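First the structure, in the form of structure tokens, and then the observations on it.
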Amino acid sequence: MKRLATLFTQSFEEIQKPRTITVCAMFAALAVVLGYFTIALGDYIKIGFSGIPNVLVGCLFGPVAGGCFGGLLDLLKYIVKPTGAFFPGFTLNAILGGMIYGCAYYRKSITLFRVLVTKLVVILICNVLLNTLWLSMLYGQAFAVLLPVRLMKNLIRWPVDSLIFFTIARTFEVAGIFRMIRGRVAG
């Protein structure tokens with residue numbers, strides 16, 4: 001429990017730095033642009049890559065920054081390009097997902113196993129359970145009707161999304177981009 005408190009304290013200190021906010025703003029711009037390439041398959045299923053910057057912020061700056069970034073980015077993306085009705089449950093999911101990614105990756109080595117497990121946790125809690133609940137409430141569809149399709153879609157995307165993030169993260173590590181951002185933010 002003490003390690004978790006330290007993790008949140010360090011992340012809170014990170015988010016107070018102007019350079020951290022600047023890096024987050026650049027990732028937010030990237031996420032908004034990536035959001036324009038989202039493919040909607042009906043009201044219940046969307047496929048896109050605008051969540052990658054949220055994972056990177058959690059990785060670089062921790063759970064507090066990841067959660068704040070996720071929540072604010074969800075609101076920003078809705079303002080810039082509204083798709084469907086606004087529902088605060090989706091913003092809660094973005095905050096929770098950012099915090100989970102921050103807890104899993106902040107100041108830790110990024111391994112394929114860690115990425116697979118973390119992505120599975122986010123998929124089960126945020127995407128499958130909570131998002132399905134929110135969609136059920138919004139559209140009046142039975143939770144049990146939506147669940148199998150959403151579970152299948154997320155399980156199919158799980159290894160693909162995990163490999164995409166792992167490849168990006170390892171490339172950033174090898175190229176020194178993470179070190180450069182962390183080094184400059186620390187100063």
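Positions are given from 1, in the same order as the sequence printed here. Since the model is a prediction, treat every value here as computed from it, not as a measurement.
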**Prompt:** Which atom pair, heavy atoms only, marks the closest approach of Ala28 to Leu76?
**Reply:** CB-CD2, 4.5 Å
**Prompt:** What's the shortest heavy-atom distance between Gly102 and Leu7, and which atoms?
**Reply:** O-CD2, 4.4 Å
**Request:** Decide whether Ile52 and Leu120 are clustered together by the hydrophobic rule: side chain heavy atoms of Ile, Leu, Val, Met, Phe, Trp, Tyr closer than 4.5 Å, transitively.
**Result:** yes
**Message:** Taking Ile168 as the starting point, is it possible to reach Phe69 by hopping between hydrophobic residues whose side chains are less than 4.5 Å apart?
**Reply:** yes
**Message:** So which atom in Leu133 and which in Phe143 form the shortest heavy-atom distance, rounded to 0.1 Å?
**Reply:** N-CE1, 3.5 Å
**Request:** For Ala169 and Ile110, work out which heavy atoms get closest and say how close.
**Result:** CB-CD1, 3.7 Å
**Request:** Answer yes or no: is there a donor N or O on one side and an acceptor on the other, between the side chain of Ser136 and the main chain of Thr132, under 3.5 Å?
**Result:** no
**Item:** Partner set under side chain to side chain contact (heavy atoms under 4.5 Å, CB included) for Val33, not counting sequence neighbours
**Value:** Phe37
**Prompt:** Quick one: NZ on Lys17 to SG on Cys24, what's the gap to the nearest 0.5 Å?
**Reply:** 12.0 Å
**Asked** Is Ser11 reaching over with its side chain to a backbone N or O of Phe61, donor-acceptor style, under 3.5 angstrom?
**Response** yes
**Asked** With Leu138, which residues qualify under side chain to side chain contact (heavy atoms under 4.5 Å, CB included), at least two apart?
**Response** Ala85, Phe87, Phe90
**Asked** Under the side chain to side chain contact (heavy atoms under 4.5 Å, CB included) test, which residues partner Leu96, sequence neighbours left out?
**Response** Ile100, Ile125, Cys126, Leu130
**Request:** Report the distance from atom CD1 of Ile79 to atom CG of Asp74, rounding to the nearest 0.5 Å.
**Result:** 10.0 Å
**Fill in**
The complete set of ring pair (Phe, Tyr, Trp, His ring centres under 6.0 Å) pairs with one or both residues in residues 145-182, sequence neighbours excluded, reads Tyr105-Phe165, Phe172-Phe178
**Asked** Same cluster for Leu147 and Leu155 if Ile/Leu/Val/Met/Phe/Trp/Tyr side chains link at under 4.5 Å?
**Response** yes
**Prompt:** Between CG of Leu146 and CG of Leu135, what distance do you get to the nearest 0.5 Å?
**Reply:** 6.5 Å
**Prompt:** Transitively linked via ILVMFWY side-chain contacts under 4.5 Å: Leu72 with Leu30?
**Reply:** no
**Cluster overlap Met152 with Val122, hydrophobic side-chain contacts below 4.5 Å** = no
**Fill in**
Phe8 and Cys103 have their tightest heavy-atom pair at CE1-SG, 3.8 Å
**Complete:** Residue set satisfying ring-ring contact (aromatic ring centres under 6.0 Å, His included) with Tyr106, at least two apart, ordered chain then number -> none
**Request:** For residues Gly71 and Thr91, report the shortest heavy-atom separation together with the two atoms involved.
**Result:** O-CG2, 3.7 Å
**Prompt:** What's the spacing between Leu112 CG and Thr167 OG1 if we round to 0.5 Å?
**Reply:** 8.5 Å
**Asked** Under 6.0 Å from the CZ atom of Phe12, do we count more than 12 heavy atoms belonging to anything else shown?
**Response** no
**Prompt:** Which pairs count as side chain to side chain donor-acceptor pair (under 3.5 Å) when at least one residue sits in residues 110-119, sequence neighbours excluded?
**Reply:** Tyr101-Lys119
**Approximate separation, where rounding is to 0.5 Å, of Leu73 CG and Asn54 CG** = 6.5 Å
**Message:** With rounding to the nearest 0.5 angstrom, report the CD1 to NZ distance, Ile123 to Lys153.
**Reply:** 8.5 Å
